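These notes are about the structure you will find just below.
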Amino acid sequence: MSKNPQPLKEKHGAHPLDDLIRTDRIPHIWCSGCGIGTVFSSCLTAIKATGIPYNEFAMVSGIGCSGRAAGYIKLDSFHTTHGRAIPFASGIKMAKPDLNVIVFSGDGDLFAIGGNHFIHAARRNMDMTVICVNNLIYGMTGGQVAATTPSKAKTTTTPFGNPDAPFNLPLLAYAAGASYVARWTILHVRDLTNAINEALLKKGFSFIEVLAPCPINYGRRNKQKSLDTLKLYQEKTIIRNGADPARADIDFDRGVILGTFIDRERGTCDDLYEATCRRSED
Amino acid sequence: MHIIESGNVAAATGVKLARAQVIAAYPITPQTPLTEKLSEFVESGALKAEYIPVESEHSAMAVCIAASTAGTRAFTATSANGLLYMVEQLHWAVGARLPIVMCVANRGIGAPWTVWNDQQDTISQRDAGWIQIYANDHQQIIDAVIKAFRLAQTVSIPVMVCYDGYLLSHTYMPFDVPEQSKVDSFLPAFAPTHFLDPENPGNFNTVTLPDIRPGVDGEMAPGYIEIRHNLHQDLRATLDTFVEIDKAFEKEFGRGGNPLVEKYRCDDADFVAVCIGSLSYQLRDVIDIMRENDVKIGVMGVQMYRPFPDKAIVDALRGKKCAIVFEKALSYGNQGALYADIKAALYTSEKKPRIHNYILGLGGREIKTQQLLDALTASCTSPDTFEDTPRWIGLKL
């Protein structure tokens with residue numbers, strides 16, 4: 001006679017990040033093997049490590065799997081329309097310049113439908129931290145080609161392979177004017193957490209790209225199990241701080257560069273606005 | 001050939017049979033499987049078309065506008081916020097008189113976010129000038145897509161084919177797939193008189209002035225108000241055109257006959273339930289139950305919502321005691337849009353029925369047959385109780 005499955009413990013022990021999580025919304029929607037949870041917990045750990053009171057943060061996300069993060073964090077948070085996380089965050093920053101504004105969203109949301117906002121916020125050097133979970137695909141809608149999908153990768157809308165070239169996101173951020181640009185993977189949890197912490201404390205537009213597997217909608221179609229993707233992150237990445245973002249294409253055959261690419265000082269949108277538009281009032 | 005497939009695949013199959021030449025779409029739930037199916041058709045060579053996976057719905061409609069202006073048959077599809085994101089281009093497509101066809105898998109609009117079905121998305125666009133056709137089942141989806149291409153190119157006005165998200169888009173039903181040769185004879189190739197052509201350059205959609213002025217040929221050309229007046233006149237004439245196209249379709253395929261409104265047990269009825277979309281088929285069960293209890297009631301599904309088939313609706317409601325309008329959308333701050341439209345249509349008729357309005361199913365709230373039965377029973381028992389404000393079904397305040 002087989003044993004009945006043991007009932008789960010009614011309540012798990014407290015998690016060290018419980019004070020930043022809306023536990024009533026857990027379990028989350030992310031699939032097993034998905035990388036978003038790791039990025040999310042790195043982000044929460046980095047927020048804690050700043051020592052800044054939680055009520056001085058706001059998180060904004062757009063649409064997609066990563067966009068759900070705004071619903072799980074116990075801070076002021078906003079789940080905006082598709083592609084509009086950055087302009088929404090810009091509005092928050094303009095109205096409440098003292099807030100630390102975090103945009104947590106996916107590659108599809110930030111770089112396809114919302115791509116225009118990204119370059120302009122970077123150009124203005126809006127003082128915010130943009131964390132992009134890049135899983136190379138539109139995950140939530142079922143795996144369609146994105147602006148970050150590698151050439152020749154298979155998706156539901158490119159069943160014979162993607163004919164287009166993807167964005168090099170660090171290069172795009174740098175060229176548009178970002179103050180801080182870094183890339184890590186979900187395997188590099190400590191580096192990632194440190195980078196988010198640095199970015200949060202950095203004045204100006206900070207951008208962190210995080211490579212994360214989508215085993216269900218990317219991996220399955222491209223013969224890559226979750227563990228395979230993590231092995232790629234381990235074996236085919238090169239950590240090179242200060243590397244030229246122009247060399248940061250994602251090409252796992254050649255090796256993918258990780259690290260802090262850019263950390264520079266530029267006047268923020270707020271500084272420049274004060275200096276240019278409010279001087280006559282003195 | 002009958003197949004069992006989802007509503008989205010029915011739509012995609014209709015687009016393939018109609019030989020769309022340019023497809024530009026952006027995934028959004030619950031429309032996504034439709035675009036996936038189309039990209040599969042294109043990549044496998046089953047459909048000779050260009051498939052452009054654009055970066056947003058706004059771009060999707062912009063691509064369709066360009067493709068249609070270049071004289072090709074263009075198609076896109078969307079839902080909810082995707083539809084709203086392309087609104088600027090929607091209005092442009094109408095003003096430019098481009099015969100684009102778009103499927104909309106109806107879904108509620110955020111905020112707050114919902115991915116479930118109601119009809120607020122397309123109803124909010126009723127004044128754009130697009131023709132709106134609503135399908136009640138998978139057969140109607142595939143048939144409506146094919147008819148829509150012919151209608152669009154006949155009247156030079158874009159057409160939305162709308163169907164309930166999830167309830168139709170994701171459910172499986174048997175339906176007949178028309179033969180390609182028959183579709184080809186029903187739907188002639190798109191051959192516009194004016195199109196972008198490097199051999200014969202022209203200026204499209206240039207700025208108009210408030211008054212008329214001579215065109216490049218020296219003849220007086222219509223101004224903005226004339227162009228818009230003509231659009232309205234042509235839309236009104238579309239009601240008759242669609243009836244004719246439906247007749248031609250029926251002749252070829254043996255299905256049709258209810259292009260504007262679809263009536264069920266209405267002829268001898270005292271009471272008529274009215275609604276848009278698949279709800280009208282759900283209501284048939286309720287009508288049958290009430291008929292067994294000797295309540296003379298029928299249901300009418302509005303198939304074409306824009307242009308508004310006012311005459312057909314007034315005719316159908318003539319001599320009835322009460323029309324009960326069920327809506328999965330609302331003109332916020334007023335009443336149900338369909339309810340208000342029907343009331344306006346009835347204003348000049350001699351014997352007006354009483355008319356009641358129910359709002360239900362917003363954001364996918366389940367619509368139970370018992371609730372429909374209770375509502376209809378309440379309306380049929382006391383039709384003269386007339387509050388000119390919607391009653392809500394299934395609210396849990």
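The analysis underlying the following values was restricted to heavy atoms, covering all of them including side chains, and did not include hydrogens, waters or symmetry mates. Chain naming here is simple, since letters A, B, ... match the order of the sequence lines and numbering starts at 1 in each. Nothing here was measured: the structure is a model prediction, and the numbers come from that model.
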- [ ] Sequence neighbours left out, what pairs pass ring pair (Phe, Tyr, Trp, His ring centres under 6.0 Å) with at least one residue falling in residues 54-78 of chain A?
- [x]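 Listed by first then second residue: A:Trp30-A:Tyr72, A:Phe78-A:Phe88.
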
Please indicate whether [X] has more than 12 foreign heavy atoms, meaning atoms of other residues, nucleotides or ligands, lying under 6.0 Å from its [atom1].
X        : atom1 : answer
A:Arg247 : CZ    : no
B:Trp92  : CH2   : no
A:Lys154 : NZ    : no

Nearest heavy-atom contact between B:Glu36 and A:Gly142 is OE2-O, 3.7 Å

Tightest non-hydrogen contact, residues A:Pro159 and B:Ser39, listed as CG-O, 4.4 Å

Turns out that what part of A:Phe160 lies under 4.5 Å from chain B's heavy atoms comes down to both

When the 4.5 angstrom heavy-atom criterion is applied to A:Thr158 and chain B, the contacting part is both

Problem - Neighbours of chain A found in residues 12-34 of chain B - heavy atoms under 4.5 Å - result: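 Interface residues of residues 12-34 of chain B: B:Tyr26, B:Pro27, B:Ile28, B:Thr29, B:Thr32.
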
Within residues 48-67 of chain B, contacts to chain A at heavy-atom distances under 4.5 Å involve B:Tyr51, B:Pro53, B:Val54, B:Glu55, B:Ser56, B:Glu57

d(B:Tyr85 OH, A:Thr81 OG1) to nearest 0.5 Å is 8.5 Å

Value for CD1 (A:Ile63) from CG (B:Asn81), rounded to nearest 0.5 Å, stands at 7.5 Å

What pairs with A:Ala70 under side-chain contact (heavy atoms from CB on, under 4.5 Å), at least two apart in sequence or on another chain?
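Partners of A:Ala70 under the side-chain contact (heavy atoms from CB on, under 4.5 Å) test: A:Ser61, A:Ser77.
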
